[in-house]
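In what follows, a single structure is set out as structure tokens and then discussed.
The shown structure was predicted, so the numbers you read here are calculated from the model rather than taken from an experiment.
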Amino acid sequence: MTDTATATATATATDTDTDTDTKTLTGGITATEIVYAYAVLRRTPEAVAAVADLHGIAGEPIHLLDSADRASELAVAVGPVPAADFDEAPLKSNLEDLSWLESTARGHHTVVAVLARCGATVLPLRLATVYRDQDRVRQALDARRDDFLSLLDRVTGHVELGVKIYASPDTAPSGPVRDPDRAPAARVLAAGVGAGRAYLAGRRRKRQSAEDAWQAATQAAARLTETAGGLAVDRVAHRPQRADLAGPVPGTNVSNDAYLVPADPVDDFRTRVLAAAEGLPGVRVELTGPWAPYSFAIPPEPVL
């Protein structure tokens, strides 16, 4: 996940080319509903028990839809949602509504988190992955069966941790600032080169100081990213968050990465990353998680 329950949607998967004039569509979904897919997992008794009383983003009951190949034990957690909100046109509009998006993301994450807490290895699907009916879900699941099974094997026993690095270089002068009116040397300099030239020279020094501080901060952030990467199985680099979307933050987000980490030494990862950040000039670090492996769950698109 991008790293919080209110993560922004990165993509949608819609399948809306089926005629909805009939009262009931394939798989028991009515003409006013479509199927929301939350996560791919293996069917286990624990997962079945977890969804027994689980409800999704629209208050709908969640159930496990099996692959056509029952031997694989592959399943997807799904629930019926209103077409009025999730069909192609309304969904496109809703995804631009930050309040709706936040509520939907929280509901999506809740379902994924409940499944993960029961001990199941889950591959969270992208926010707002919807299909016209359950047969379409099963077809999509079976078409990528080998990819999903391979990913489940890979992420079993692992979690996702987010590491955001902010650069906030300190560009303040290292020594005390003196009043030019009280500093004879400054008055002599100003008299020699002219007040205007002295002012421009001061501006250049300030700009150079800021550039040097920023370069030092970004280099420190790069070293910290290298350290974190050496402690993880895999890393996905997400786009740094924009300041207007990130809320109050301690600087400029220069790195927004997800790391796949063995579940047992999660605390060790945290401790070592934070220790590596200590003393780095102009760098602030924010760790989030552990989460289900959102950033490592989507198989690559097939080559046609």
For this session: Please answer whether the main-chain N or O of Ser295 pairs with a side-chain N or O of Glu160 as donor and acceptor at a distance below 3.5 Å.
Result: yes

Exercise. Hey, is Asp135 close enough to Arg138 for a salt bridge, meaning N to O under 4.0 Å?
Worked result: yes

Problem set entry | Working for side-chain contact (heavy atoms from CB on, under 4.5 Å), residues His63 and Val78 | CA-CA 6 Å; His63 66 279; Val78 300; 3.4 Å; yes

Exercise. Listed by chain and number, what are the side-chain contact (heavy atoms from CB on, under 4.5 Å) partners of Leu231, not counting sequence neighbours?
Worked result: Phe269, Arg272, Val273

Exercise. Are side-chain heavy atoms of Arg270 and Pro290 found at a separation under 4.5 Å?
Worked result: yes

Exercise. Can you tell me how far CG of Asp133 sits from CD1 of Ile34, rounded to the nearest 0.5 angstrom?
Worked result: 10.5 Å

Problem set entry | Reported CG-to-CG distance for the pair Leu141 and Leu65, which is rounded to 0.5 angstrom | 7.5 Å

Seminar exercise, completed: Asp257 meets the side-chain contact (heavy atoms from CB on, under 4.5 Å) criterion, sequence neighbours left out, with Thr225, Arg235, Ala237, Ser255, Tyr259

Exercise. With a 4.0 Å cut-off, would you call Arg106 and Glu102 a salt bridge?
Worked result: yes

Exercise. Any side-chain heavy atom of Leu125 sitting closer than 4.5 Å to one from Val76?
Worked result: yes

Exercise. Is there a donor-acceptor pair closer than 3.5 Å between any side-chain N or O of Asp87 and the backbone N or O of Ala89?
Worked result: no

For this session: Could you tell me whether the side chain of His109 and the main chain of Gly107 form a donor-acceptor pair under 3.5 Å?
Result: no

Problem set entry | Side chains of Leu91 and Trp100 in contact at under 4.5 Å (non-hydrogen atoms) | yes

Problem set entry | Nearest heavy-atom neighbours spanning Val122 and Pro124 | O-CD, 3.4 Å

Problem set entry | Side-chain heavy atoms of Asn94 within contact of Leu101, under 4.5 Å | no

Problem set entry | Spacing of CG belonging to Leu74 relative to CZ belonging to Arg144, to within rounding of 0.5 Å | 12.0 Å

Seminar exercise, completed: Residues at least two apart in sequence or cross-chain that pass side-chain contact (heavy atoms from CB on, under 4.5 Å) with Thr44, listed by chain then number, are Glu46, Ala47

Exercise. In Å, rounded to the nearest 0.5 Å, how long is the span from CG of Leu41 to CG of Leu64?
Worked result: 5.5 Å

Problem set entry | Test side-chain hydrogen bond (donor to acceptor under 3.5 Å, both in side chains) applied to His55 - qualifying residues, sequence neighbours left out | none

Problem set entry | Which residues share a side-chain hydrogen bond (donor to acceptor under 3.5 Å, both in side chains) with Arg117, sequence neighbours left out | none

For this session: Just jot down the salt bridge (Lys or Arg N to Asp or Glu O under 4.0 Å) partners of Asp264, sequence neighbours excluded, or say none.
Result: none

Exercise. Taking only residues two or more places apart in sequence, or in another chain, which ones meet Asp146 in a side-chain hydrogen bond (donor to acceptor under 3.5 Å, both in side chains)?
Worked result: none

Exercise. What pairs with Arg223 under salt bridge (Lys or Arg N to Asp or Glu O under 4.0 Å), at least two apart in sequence or on another chain?
Worked result: none

Exercise. Which value, rounded to the nearest 0.5 Å, describes the distance between Leu287 atom CG and Ile165 atom CD1?
Worked result: 9.0 Å

Seminar exercise, completed: Those residues at least two apart in sequence (or on a different chain) that pass side-chain contact (heavy atoms from CB on, under 4.5 Å) with Ala143 are none

Problem set entry | Minimal non-hydrogen separation, Leu152 against Thr121, with atom names | CD2-O, 3.4 Å

Problem set entry | Short side-chain to backbone donor-acceptor contact, Tyr36 and Ala128, under 3.5 Å | yes

For this session: State the CH2-CG distance between Trp291 and Leu161, to the nearest 0.5 angstrom.
Result: 10.0 Å

Exercise. Nearest heavy-atom pair of Ala292 and Val112: which atoms, and what distance?
Worked result: CB-CG1, 3.7 Å

Seminar exercise, completed: Applying salt bridge (Lys or Arg N to Asp or Glu O under 4.0 Å) to Arg154 and not counting sequence neighbours gives Asp234

Problem set entry | Residues which pass side-chain hydrogen bond (donor to acceptor under 3.5 Å, both in side chains) with Asp153, listed by chain and number, not counting sequence neighbours | Arg42

Exercise. Does anything in residues 55-68 pair up under salt bridge (charged side-chain N to carboxylate O under 4.0 Å, His left out), and if so which pairs, sequence neighbours excluded?
Worked result: Arg43-Asp66, Asp66-Arg70

For this session: Of all the heavy-atom pairs spanning Ala276 and Leu224, show the shortest one and how long it is.
Result: CB-CD1, 3.7 Å

Problem set entry | Ser67 backbone acceptor or donor facing Asp142 side chain under 3.5 Å | no

Problem set entry | Taking every non-hydrogen atom, the tightest pair across Leu127 and His108 | CD1-CB, 3.6 Å

Seminar exercise, completed: Heavy-atom nearest pair, Phe296 first then Val236, reads CE2-CG2, 3.4 Å

For this session: Assess whether side-chain contact (heavy atoms from CB on, under 4.5 Å) is satisfied between Val51 and Tyr38, documenting all intermediate values.
Result: CA-CA 12 Å; Val51 301; Tyr38 291 88; over 6 Å; no

